[in-house]
Peer 1: 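Right, I'll just put the structure down here and ask away after.
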Amino acid sequence: MGKKVTVLGEVRDGALRNVSFEGVAAARKIAEDGEVVAVLLGSSVKDLVQEMIVAGADRAVVVEDEKLAGYTSDGYAQAFLAVVEKETPDAIIVGHTALGKDLSPKIASKLNCGLVSDAVGVEVEGGNVVFTRPIYSGKAFEKKIVTDGVIFASIRPNNIPPLERDASRTGEVTEVSAEIKDLRTIVREVAKKATQGVDLSEAKVIVAGGRGVKSEDGFEPLQELADLLGGAVGASRGACDAEYCDYSLQIGQTGKVVTPDLYIACGISGAIQHLAGMSNSKVIVAINKDPEANIFKVADYGIVGDLFEVVPLLVEEFKSLLVEA
Amino acid sequence: MNIFVLLKRTFDTEEKITIAKGAINEEGAEFIINPYDEYAVEEAIQLRDNHGGEVTVVTVGNEEAEKQLRTALAMGADKAVLINTEDDLESGDQFTTAKILAQYLEDKEADIILAGNVAIDSGSGQVGPRVADLLDIPYVTTITKLEISGETVTVVRDVEGDSETIETKLPVLVTAQQGLNEPRYPSLPGIMKAKKKPLEELELDDLDLDEDEVEAKTKVVEIFLPQTKEAGRVLEGELDAQVKELVSLLHKEAKVI
Ligand SMILES: Cc1cc2nc3c(=O)[nH]c(=O)nc-3n(C[C@H](O)[C@H](O)[C@H](O)COP(=O)(O)OP(=O)(O)OC[C@H]3O[C@@H](n4cnc5c(N)ncnc54)[C@H](O)[C@@H]3O)c2cc1C
Ligand SMILES: Cc1cc2nc3c(=O)[nH]c(=O)nc-3n(C[C@H](O)[C@H](O)[C@H](O)COP(=O)(O)OP(=O)(O)OC[C@H]3O[C@@H](n4cnc5c(N)ncnc54)[C@H](O)[C@@H]3O)c2cc1C
């Protein structure tokens with residue numbers, strides 16, 4: 001029998017994040033011939049529901065409230081739980097983003113259910129919904145099932161491919177009212193540091209720099225290469241600690257976890273904490289002047305050399321390739 | 001101030017990982033305090049030094065976690081509690097751990113509870129928020145700065161690189177992110193003192209908990225290592241030629257561009 005699965009559509013800066021559509025794809029798999037219900041929370045999100053339906057949801061539920069304009073654990077939990085109470089889903093999917101990581105354990109606790117965090121894959125095997133997730137900083141994987149209560153998982157961005165968009169899809173939109181009250185945390189200020197442009201956790205190409213980049217200016221050729229390939233610039237903690245760039249660019253265990261099609265590591269040694277954030281990238285290129293650097297162990301292609309020579313040459317070479325294409 | 005730290009003993013993930021009998025092989029492996037919990041311990045000690053009070057570190061685990069608890073005591077925590085589940089439970093998950101911790105904390109009148117934002121081994125980041133919810137207190141995750149003045153708590157929180165300044169009130173639970181502080185190393189006198197500090201050991205019975213009240217709600221069905229990637233290709237020759245080859249490989253072989 002099919003299941004009813006609710007998926008949280010995560011809105012940031014007025015748009016849905018890609019992980020929402022990946023969530024719909026995961027939900028479709030779990031639902032089998034059941035129903036996928038998108039859930040949108042915010043102060044004004046109704047205009048976005050169609051995107052979730054086009055991405056594969058059957059219908060959508062929205063909770064709109066001024067108090068949901070910014071994220072708070074209490075506010076979002078109250079709104080989400082109001083939807084869960086109304087819909088009584090068999091399964092729930094959210095993104096394993098800053099928001100999803102903060103919210104999902106609270107929801108699971110309130111529903112007294114299990115939660116599989118940071119799933120990178122989902123399969124239905126012999127009636128069980130089996131999630132795959134990395135453990136030990138990505139050095140191993142486990143397959144996990146929920147044995148009691150609602151099936152609940154948060155999914156890592158950029159791992160479960162979204163379904164093909166189907167603009168002809170339509171679906172019903174209902175509003176649920178929730179009493180959003182007694183918020184125990186107040187957001188006083190938000191300092192946006194992340195660069196405009198391509199979102200690092202969703203970028204298809206990432207050019208990352210480490211301590212080897214040597215200065216803030218050293219990031220310029222990397223930025224040029226990233227721009228050329230429609231990608232984003234990332235960094236190791238080494239580069240952030242040395243103040244060559246902002247911490248918002250940090251990739252790794254403490255920073256962002258990324259899974260682009262192409263990851264170009266420049267002047268990064270490849271510490272385990274860095275690898276935890278990027279080793280699942282589809283193709284990894286390492287540029288490092290030390291042939292013994294650990295990064296070469298995970299790289300598909302490596303160039304031993306000075307990044308300040310290699311990166312500009314790469315820019316030229318890609319330019320001529322793009323002209324040809 | 002009555003300060004509690006949730007501390008997990010973890011596998012040092014810098015170690016090579018192997019699998020034996022369907023589980024991660026712990027034979028001969030190095031175990032450490034989860035790095036994010038070190039930030040929590042450090043912050044707790046600083047809070048106590050500035051506001052007075054007492055720091056208690058709490059672990060759910062087995063006897064072997066005594067070592068990590070002693071390290072926290074050597075850093076400067078005042079008391080340690082080991083909730084030993086060895087004899088009572090065969091399996092557990094984040095719900096199990098959170099439920100046990102919350103049951104322990106329920107009557108402790110904690111002003112603040114500090115945890116790590118994630119454990120580097122099984123890495124779910126669930127335990128902190130779950131404990132806070134069970135205790136019905138607010139929580140703030142991935143914090144990089146903490147200030148307490150009277151009942152008012154101001155924290156800076158890392159949100160995927162952006163930072164949010166959040167205000168809340170005691171009692172509260174916070175989870176530590178890298179950047180919060182620089183954890184100290186235990187000093188020699190600290191290590192000597194730690195030997196005499198109280199380390200209490202409890203079992204589920206002492207917490208009035210039954211095994212079935214903490215039964216896991218998830219189950220691991222398989223553990224496997226990622227397919228070993230074929231050794232990457234380190235290109236050779238003149239630099240120009242290498243770059244040409246790389247671009248062509250990315251285009252034609254890997255097909256990512
Ligand atoms: C709890 C904890 C969490 C952490 N979290 C993270 C995390 O999220 N992300 C992260 O990245 N790290 C993290 N770290 C830090 C990590 O251990 C490393 O210290 C860090 O990744 C090193 O950065 P790096 O590779 O840039 O610097 P280094 O290790 O100093 O490497 C610099 C590299 O650049 C090369 N190089 C120098 N000059 C050139 C040149 N001209 N051309 C080419 N190559 C050159 C060198 O050969 C070297 O390999 C964490 C550590 C801890 C303890
Ligand atoms: C009896 C029992 C058997 C278990 N068996 C297994 C098993 O076979 N396989 C397996 O993978 N896991 C097992 N676990 C562990 C469990 O699955 C989780 O590892 C544990 O609940 C912590 O979750 P996490 O690692 O995701 O931590 P996270 O939620 O990522 O941890 C975040 C923070 O919570 C706090 N915290 C987490 N765990 C503890 C703790 N134990 N004590 C104090 N504070 C803590 C720390 O501050 C930590 O930084 C078992 C647990 C129990 C109680």
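Please read these numbers as outputs of a predicted model, since none were measured by experiment. Chain identifiers are assigned alphabetically (A, B, ...) following the order of the sequence lines, protein sequences preceding nucleic acid strands; residue numbering begins at 1 within each chain.
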Peer 1: Tell me, side chain or backbone of A:Ala108 under 4.5 Å from chain B's heavy atoms, or both, or neither?
Peer 2: both
Peer 1: Mind ranking B:Ala254, B:Gly232, B:Pro35, B:Ser163 by heavy-atom pairs under 4.5 Å with chain A and telling me who comes out on top?
Peer 2: B:Ser163
Peer 1: Considering residues, nucleotides and ligands other than A:Lys204, do more than 12 of their heavy atoms fall under 6.0 Å from its NZ?
Peer 2: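 Counting neighbours around NZ of A:Lys204, more than 12 heavy atoms of other residues, nucleotides or ligands fall under 6.0 Å, so yes.
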Peer 1: So, does A:Glu189 use its side chain to make a donor-acceptor pair with the main chain of B:Thr165 at under 3.5 Å?
Peer 2: no
Peer 1: CZ/A:Arg188 to OG1/B:Thr154 distance, rounded to the nearest 0.5 angstrom?
Peer 2: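 So the CZ of A:Arg188 and the OG1 of B:Thr154 are separated by 8.5 Å.
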Peer 1: Given that the side chain runs from C-beta out, which part of A:Asn128 has a heavy atom under 4.5 Å from chain B: side chain, backbone, both or neither?
Peer 2: neither
Peer 1: Under a 4.5 Å heavy-atom cutoff, which of B:Lys217, B:Arg130, B:Glu215, B:Lys99 has the most pairs with chain A?
Peer 2: B:Lys217
Peer 1: Check side chain to side chain donor-acceptor pair (under 3.5 Å) between A:Asn280 and all other residues, then give those that pass, not counting sequence neighbours.
Peer 2: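 Once residues adjacent in sequence are excluded, A:Asn280 has no partner under the side chain to side chain donor-acceptor pair (under 3.5 Å) criterion.
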Peer 1: Answer yes or no: is there a donor N or O on one side and an acceptor on the other, between the side chain of A:Arg184 and the main chain of B:Val172, under 3.5 Å?
Peer 2: no
Peer 1: Enter the distance from B:Thr218:OG1 to A:Ile151:CD1 here, rounded to the nearest 0.5 Å.
Peer 2: 12.5 Å
Peer 1: For A:Gln253, is it the side chain, the backbone, both, or neither that has a heavy atom closer than 4.5 Å to a heavy atom of chain B?
Peer 2: both
Peer 1: I need the residue from A:Lys110, A:Lys139, A:Glu142 with the largest number of non-hydrogen atom pairs under 4.5 Å to chain B.
Peer 2: A:Lys139
Peer 1: Could you state the interatomic distance from CD (B:Gln178) to CD (A:Gln273), rounded to the nearest 0.5 Å?
Peer 2: 9.0 Å
Peer 1: Just how far is it from atom CD1 of B:Ile257 to atom CG of A:Leu322, taken to the nearest 0.5 Å?
Peer 2: 7.5 Å
Peer 1: Heavy-atom distance under 4.5 Å to chain B: side chain of A:Ile272, backbone, both or neither?
Peer 2: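 Interface part for A:Ile272: side chain.
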Peer 1: So, taking the atom named CG in B:Leu249 and the one named OH in A:Tyr301, what distance separates them when rounded to the nearest 0.5 Å?
Peer 2: 5.0 Å
Peer 1: With a 4.0 Å cut-off on N to O distance, would you call A:Asp102 and B:Arg157 a salt bridge?
Peer 2: yes
Peer 1: Against chain B, label A:Val285 side chain, backbone, both or neither, depending on which of its atoms sit under 4.5 Å from a heavy atom there.
Peer 2: side chain
Peer 1: Taking the side chain from A:Gln250 and the backbone from B:Gly161, do they hold a donor-acceptor pair closer than 3.5 Å?
Peer 2: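 Not at all, since once roles are kept as given, no pair shorter than 3.5 Å links the two residues.
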Peer 1: I need the full list of ring pair (Phe, Tyr, Trp, His ring centres under 6.0 Å) pairs touching residues 220-248 of chain B, with sequence neighbours left out, sorted by first then second residue.
Peer 2: A:Phe141-B:Phe224
